[in-house]
Amino acid sequence: MMRAWVWLALGLQLGCGGGVDSRDLDGDGHPAGLDCDDANPARWRSVAGYVDTDGDGHGEQGRRVTCVGDATKGWAQTAGDCAPGDASRWRSMSGLYQDVDGDGATGAGPVTGCVGATLTGYREQPGTPDCDDEDATVSGPAQAWADTDGDGVGAGTAIMWCPGQGRTPPQGYVRTAGDCAPGDTRLWQQLPFMHRDQDGDGFAVAMEGTVCSGEQLPKGYDTVSGQEDCDDRNASRTVRVERWWDPDGDGYGDGAPVLRCVGPEEASPGETFRGGDCAPGDGTRWRPRTYASRDGDGDGRLSPATGEVCSGFWLPQGYSQEVRNEDCDDGNRALFRAWSVHTDADGDGVGSGAATSICGTAAVPTGYSPQATDCAPQDATTWRMLGFTRRDADGDTYTVAQTGELCAGSALPTGYATQPLSGEDCDDTSATVYRNVTAWADTDGDGVGAGASTLLCTNGQVPNPWSATGTDCDAQDATRWQDLSAAHADHDGDGFTAPIPARTFCTGTALPAPYFAKAVGNDCDDADTDRYRWTYLYRDQDADGVGATPRQMTCLGPAVLAGWSLYGDDVDDQDATEQRDEAAEEELSLILDL
């Protein structure tokens, strides 16, 4: 930018009293004396403009543009854009009323707004006051009532609030009024009723009126008739019930009943609400009960028998309504349990042969068993058939699939199982081998095999001369066994590599010299150890340490070549005493001081 000002100043001076500088440093066809930026071929014409970020033809005040070309974009000759980032707005207009949501209702005004070709978001005349200018669906306020009990219906004096955008009334307020019980969340509306159950016994009397309710009438009120209550002031008295005379006081009466308005458990002296006493003079018995079992010998165990006996709340001891067959001999107190047993000759608790019926005590009769599954009736160590699915014939704990069944005791004998033990046996005739492994022939002994794989039955280890891997790229050379890829090389041995076409080598633990899998630096000449890096240099013809354009990409080593420099801002590369244009800098300083 400094150089552009220098040339502009020189151009002004030359225009006032001399020729135009004919140099054209950026090659854009405009002499330096007329070019406002002779270091940039895209800009050459001096203008008075402003940055126009949004492309609406109006620039930003304070952001000037002074040098452009024919293709330069993003500037305008006029300033004053009030919305530099919005191409639809650029001018300020006063006397407007804000209407952001476009619903015709406006906010407070008049205000000054930033607009474009239209007045979007504003109106020239005020509309009705808008309580929410962000929501076009609402403009005016609405009423809400205090809901102190949280039942969704309010009461009292209404307040005004602005709805819209999914907003609800203020905390504690609702849009529905008319709560008849503001302090009770269960009640909020008056509902009519035609029947009243004052004592809450479920029986009502006819009565009409209204009562403060919730969704439904409260308990005790109804619109349909139910059973008539004979006394609605006493919950225990509902309908007239029958009563019987009870001379023995057992709760069951005798004779004809009378009707009274009393509760189920309410009794007058000498009366009861149940009839049918089978023993009117005995307070411990009042109704006949049937039984399906009885205890004839008094041993506490019942046998099937049917009949009827006059009882109280329960059947007397020795009777039951259930059919119970607990006594196989109801005439002998010592015998009561029927056994279906089998002869147990070897005493292992499991019998065999046909069943025998015996009436005895609670214990299994001696020499018998309730089971008849003994597969070896004369051997007490075996008594049941057990199935197996695995066999270990050589005793190495590795099994093969084999299905069968044999007579056993509490468990299968050794050598039989229902699931694999240590694993699958590849040879169940030898305990020294039991596991199949995949192996490859390792002819050169480098630990890596090659060729087709072979399945070996072993003790789990791959034996010599075999290997567990088969990727040897040279099966006859023990020093080489794997393929490694190289994409870089250091042919001159200077420690820096250059890229090469990808190659694959059959090798040992590492790639052979001079090859590498990854780059080490970026050698620009891999045939010369003194050159290994690229850099830009400038020709230094006066050997003052500073060169001049044009620059040149050069392959070199640690030092810069003679006659060249890393720097390129020498104003006179033919004079070693001059590196800066002091006259131009002085003129620029004078111009800036004006």
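In this chain, residues are counted from 1 in sequence order.
- Put simply, the side chain of Asp229 reaches to within 4.5 Å of the side chain of Asp199, judged on heavy atoms.
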*Checking side chain to side chain contact (heavy atoms under 4.5 Å, CB included) for the pair Tyr515/Arg503: CA distance, chi angles, key distance, verdict?*
CA-CA 9 Å; Tyr515 298 100; Arg503 295 183 59 186; 2.9 Å; yes
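- Residues Leu484 and Gly508 come closest through the heavy atom pair CD1-O, 4.2 Å.
- A 6.0 Å sphere centred on OH of Tyr173 holds no more than 12 heavy atoms belonging to other residues, nucleotides or ligands.
- Other residues, nucleotides and ligands contribute only 12 or fewer heavy atoms inside 6.0 Å of the OH atom of Tyr368.
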*asked:* Between Phe516 and Lys518, is the side chain to side chain contact (heavy atoms under 4.5 Å, CB included) condition met? List the steps.
replied: CA-CA 6 Å; Phe516 294 83; Lys518 296 182 179 180; 6.0 Å; no
*Step by step, work out the side chain to side chain contact (heavy atoms under 4.5 Å, CB included) result for Asp490 and Val520.*
CA-CA 9 Å; Asp490 180 16; Val520 181; over 6 Å; no
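- Relative to the six-membered ring of Tyr416, Arg390 misses at least one condition, a distance below 6.0 Å or an angle of at most 45° to the axis.
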*Report the C-alpha distance between Arg186 and Glu215 in whole Å, list the side-chain angles of each, state the deciding distance to 0.1 Å, and finish with yes or no for salt bridge (charged side-chain N to carboxylate O under 4.0 Å, His left out).*
CA-CA 9 Å; Arg186 301 168 303 168; Glu215 290 291 343; over 6 Å; no
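- Distance check, rounded to the nearest 0.5 Å: OG1 of Thr343 to CG of Asp346 gives 11.0 Å.
- The closest side-chain donor-acceptor pair between Thr471 and Thr469, if any, does not fall under 3.5 angstrom.
- Contact annotation: the side chain of Val174 never approaches that of Val153 to less than 4.5 Å [non-hydrogen atoms, C-beta and beyond].
- Gln371 meets the side-chain hydrogen bond (donor to acceptor under 3.5 Å, both in side chains) test with no other residue; sequence neighbours excluded.
- Heavy atoms of other residues, nucleotides or ligands lying less than 6.0 angstrom from CD of Gln216 number 12 at most.
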_Audit row: Leu412, Leu406, side chain to side chain contact (heavy atoms under 4.5 Å, CB included) steps and yes/no_ = CA-CA 8 Å; Leu412 285 167; Leu406 52 81; 4.0 Å; yes
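- Salt-bridge formation is not detected for the pair Arg333/Asp299: no Lys NZ or Arg NE/NH1/NH2 atom is positioned less than 4.0 Å from an Asp or Glu carboxylate oxygen.
- Side-chain contact check for Thr397 and Ser422: at least one donor-acceptor pair (N or O, by modelled atom type) lies under 3.5 Å.
- Residues Thr509 and Trp481 are in side-chain contact: their nearest non-hydrogen atoms beyond the backbone lie under 4.5 Å apart.
- No salt bridge links Asp327 with Arg301; every basic N to acidic carboxylate O contact stays at or beyond 4.0 Å.
- Taking the six-membered ring for Trp and thresholds of 30 and 60 degrees, Tyr398 and Tyr434 have nearly parallel ring planes, at less than 30 degrees apart.
- Note: Tyr532 and Phe496 have parallel aromatic rings, judged against thresholds of 30 and 60 degrees for the angle between ring planes.
- In Met194, the CE atom is not crowded: 12 or fewer heavy atoms of neighbouring residues, nucleotides or ligands sit closer than 6.0 Å.
- Using bins of under 30°, 30° to 60° and over 60° for the plane-to-plane angle, the ring pair Trp286/Tyr252 lands in the parallel bin.
- Applying the side-chain hydrogen bond (donor to acceptor under 3.5 Å, both in side chains) criterion to His195, with sequence neighbours excluded, gives no partner residue.
- Closest of all the heavy-atom pairs between Trp534 and Met553 is CE3-CG, 3.5 Å.
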